[in-house]
Amino acid sequence: MLARGQAGEKVRVQGWVRTRRDSKGVTFLELNDGSCLAHLQVVAEAGHPALRELAPVTTGSGVALEGLLVQSPGAGQAVELRLERVLLATPSHPEYPLQKKRHTLEYLRTIAHLRMRSNTLGAVFRVRDRLFHAIHGFFRERGFLFLAAPIITASDAEGAGAMFRVTTLDVETPPRSSSGSVDWSKDFFGKGAHLTVSGQLEGEAFALAYHDVYTFGPTFRAENSNTARHAAEFWMVEPEMAFADLAADRALAEAFVREVLGQVLEQCREDFALFEKHWEPGLLAKLDHVVKSSFEVMDYGEAVGHLETSGEAFQFPVSWGADLQTEHERWLTEKKVGRPLFVVNYPKAIKAFYMRANDDGRTVAAMDLLVPGVGEIIGGSQREDREDVLRERMREMGLPLEDYQWYLDLRRYGGVPHAGFGMGFDRLLMYITGMSNIRDVIPFPRVPGYVEF
RNA sequence: UCCCCGAUAGCUCAGCCGGUAGAGCGGGUGACUGUUAAUCACUAGGUCGCAAGUUCGAGUCUUGCUCGGGGAGCCA
């Protein structure tokens with residue numbers, strides 16, 4: 001209405017009161033309905049009969065009003081609503097915990113059921129919605145088939161990472177086998193089950209039937225990670241393409257980041273202006289740079305070489321075979337190349353079992369996309385499509401082959417080369433909003449020791 | 001899991017060498033001819049996170065615990 005409303009229109013509005021200002025001759029209400037950052041100013045002259053019904057209305061109250069949209073004589077807004085009729089007025093208790101001033105993000109987390117009525121969190125969750133739809137739109141335009149990977153699973157995609165167990169057994173007195181261990185065959189599914197840590201393996205199965213697919217849904221990690229970047233429940237985007245190698249995977253990741261970012265920036269200008277002003281000065285320039293620059297590609301060996309000769313005093317030493325630390329990733333993308341950077345072909349010892357072995361015998365066709373400001377934001381690979389090589393690798397890493405027979409079958413029956421990547425949705429949202437704690441971009445976050453709301 | 005920092009009014013914080021609790025905002029009341037987180041006046045509001053210890057006396061010093069924040073590891 002603020003964007004399209006014409007003075008002279010009679011309108012009905014519904015929303016929540018952000019602030020009320022009374023003076024002798026006139027009353028002002030600022031209304032917000034979550035559709036945008038700006039508020040609608042409602043005006044009533046003293047003595048207007050409708051004001052009686054608005055007497056108990058204070059900050060936080062919900063109202064439905066009817067009135068005439070007029071040009072505003074005041075400076076802060078183009079149009080305002082001249083109140084005619086009150087359709088509904090639900091007062092808010094005086095102890096309403098959101099005040100007309102800036103709160104800390106830590107405090108807002110304690111009122112997660114109300115915090116989206118604040119300017120910052122209101123903007124975050126608006127951008128979250130736009131980003132969600134931009135991602136689906138990106139894949140849909142390219143003909144990718146969407147599949148919702150199962151949330152309850154019997155396999156562990158990475159062979160690492162603690163998982164949440166799903167069970168209906170009585171935890172006090174579970175059925176035991178003769179050896180004394182818990183007898184999972186008596187459980188709901190007839191075997192042990194967990195919450196998924198990744199939809200990738202299921203995505204691969206679908207890619208080998210539909211060519212290009214993606215999953216986008218919740219994933220779970222029971223890691224005891226106490227940082228601002230980890231949550232026990234978070235969302236991942238995982239595209240998978242058949243007849244694709246690492247170069248195609250890289251091209252997709254680059255197009256994905258640039259297009260999705262560009263689109264959200266365009267749609268949420270007002271919200272980004274708030275992030276820029278209050279949370280991360282320089283945010284818009286940073287994101288603009290990512291959208292406009294083409295991404296650099298660097299071999300892992302080359303990256304290690306640059307780091308070794310950088311002259312920087314890193315907290316962790318660098319040598320071929322070691323995984324890159326956040327400090328290394330940031331130096332490479334920020335100082336060395338000054339734009340988003342793909343590091344490719346990592347040592348196989350530090351990467352997952354399903355990544356395709358390169359001909360040099362010591363690296364795999366893996367890629368990480370590093371961006372200035374955070375470091376790694378996307379991890380992907382070409383998948384091992386040779387059944388014998390994959391089987392050998394899984395044996396090496398001690399994976400239970402019987403659980404993964406279906407995954408090996410994919411190679412046996414027309415297992416063409418394929419590749420994909422995974423991206424943490426909430427981390428991307430942190431990056432683009434400038435929020436530095438993942439708990440401030442997830443509606444109701446779950447982290448170790450905390451499940452409220 | 002490890003390291004560091006913090007916890008005082010509803011919120012954001014101040015409180016010196018240990019001497020008995022303060023501000024701003026918010027709430028309430030009143031004033032004000034169009035305000036923009038309005039302004040002005042008055043007013044209510046506190047087991048100083050919890051438990052112990054040192055002391056004539058602890059918000060202040062010591063120990064333990066709980067919760068929160070930052071960083072690291074692991075990762076997305």
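Protein chains get the first letters and strands the later ones, always in sequence-line order, with residue 1 at the start of each. Since this is a predicted model, take the numbers as computed values, not measurements.
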Report, one line per pair, each donor and acceptor closer than 3.5 Å where one atom sits in a side chain of residues 63-72 of chain A; sequence neighbours left out.
unit_1: A:E66; atom_1: OE1; unit_2: A:R85; atom_2: NE; d: 3.1
unit_1: A:E66; atom_1: OE2; unit_2: A:R12; atom_2: NE; d: 2.7
unit_1: A:E66; atom_1: OE2; unit_2: A:R12; atom_2: NH2; d: 3.2
unit_1: A:S72; atom_1: OG; unit_2: A:G74; atom_2: N; d: 3.2
unit_1: A:S72; atom_1: OG; unit_2: A:Q77; atom_2: NE2; d: 2.9
unit_1: A:S72; atom_1: OG; unit_2: A:E80; atom_2: OE1; d: 2.9

Check nucleotides 44-51 of chain B against the protein and report each pair of N or O atoms closer than 3.5 Å, with its distance, or say if there are none.
none

Where along nucleotides 10-15 of chain B does protein come under 4.0 Å, by heavy atom, of base (B) or sugar-phosphate alone (S), with - for untouched nucleotides?
-> BBS---
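- B:rA52 and B:rG46 are spaced 23 Å apart, taking the C1' atom of each and rounding to whole Å.
- A:T219 meets the side-chain contact (heavy atoms from CB on, under 4.5 Å) test with A:T196, A:F234, A:M236; sequence neighbours excluded.
- Judged as a side-chain contact (heavy atoms from CB on, under 4.5 Å), and not counting sequence neighbours, the contacts of A:C268 are A:V127, A:R130, A:V264, A:D271, A:F272.
- For the segment residues 30-41 of chain A, residues with any heavy atom less than 4.0 angstrom from an atom of RNA chain B are, sorted by number, A:E30, A:Q41.
- Shown for residues 60-68 of chain A: no residue has heavy atoms falling under 4.0 angstrom of RNA chain B.
- The stretch residues 11-22 of chain A touches RNA chain B through A:T19, A:R21, A:D22, each having a heavy atom under 4.0 angstrom from the strand.
- Formation of a donor-acceptor pair under 3.5 Å by the A:R165 side chain with backbone atoms of A:H194 is not found in this model.
- Residue A:N437 places its side chain closer to B:rG70 than to any other of B:rG73, B:rC75, B:rG70.
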Run the side-chain contact (heavy atoms from CB on, under 4.5 Å) check on A:L307 and A:L324 step by step: do they pass?
-> CA-CA 10 Å; A:L307 287 163; A:L324 299 180; 3.8 Å; yes
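- A straight line from NZ of A:K100 to C1' of B:rU39 spans 12 Å, rounded to a whole angstrom.
- Environment of CD in A:E308: crowded, with over 12 heavy atoms of neighbouring residues, nucleotides or ligands closer than 6.0 Å.
- With rounding to whole Å, A:L81 atom CG is found 20 Å from B:rU36 atom P.
- For residues 366-381 of chain A, the set of pairs meeting the salt bridge (Lys or Arg N to Asp or Glu O under 4.0 Å) definition, not counting sequence neighbours, comprises A:K351-A:D368.
- Every stem involving RNA chain B, taken as at least 3 paired positions in a row under the Watson-Crick or G-U wobble test at 3.5 Å, is listed here: B:1-7 with B:66-72, B:10-13 with B:22-25, B:27-31 with B:39-43, B:49-53 with B:61-65.
- Within the structure, the ring pair (Phe, Tyr, Trp, His ring centres under 6.0 Å) test picks out the following pairs touching residues 46-104 of chain A (sequence neighbours left out): A:H103-A:Y107.
- No hydrogens or angles were tested; on distance alone, nothing pairs the side chain of A:R439 with the base of B:rG70 as donor and acceptor under 3.5 Å.
- With sequence neighbours excluded, the residues that form a side-chain contact (heavy atoms from CB on, under 4.5 Å) with A:N437 are A:R109, A:A228, A:R439, A:D440.
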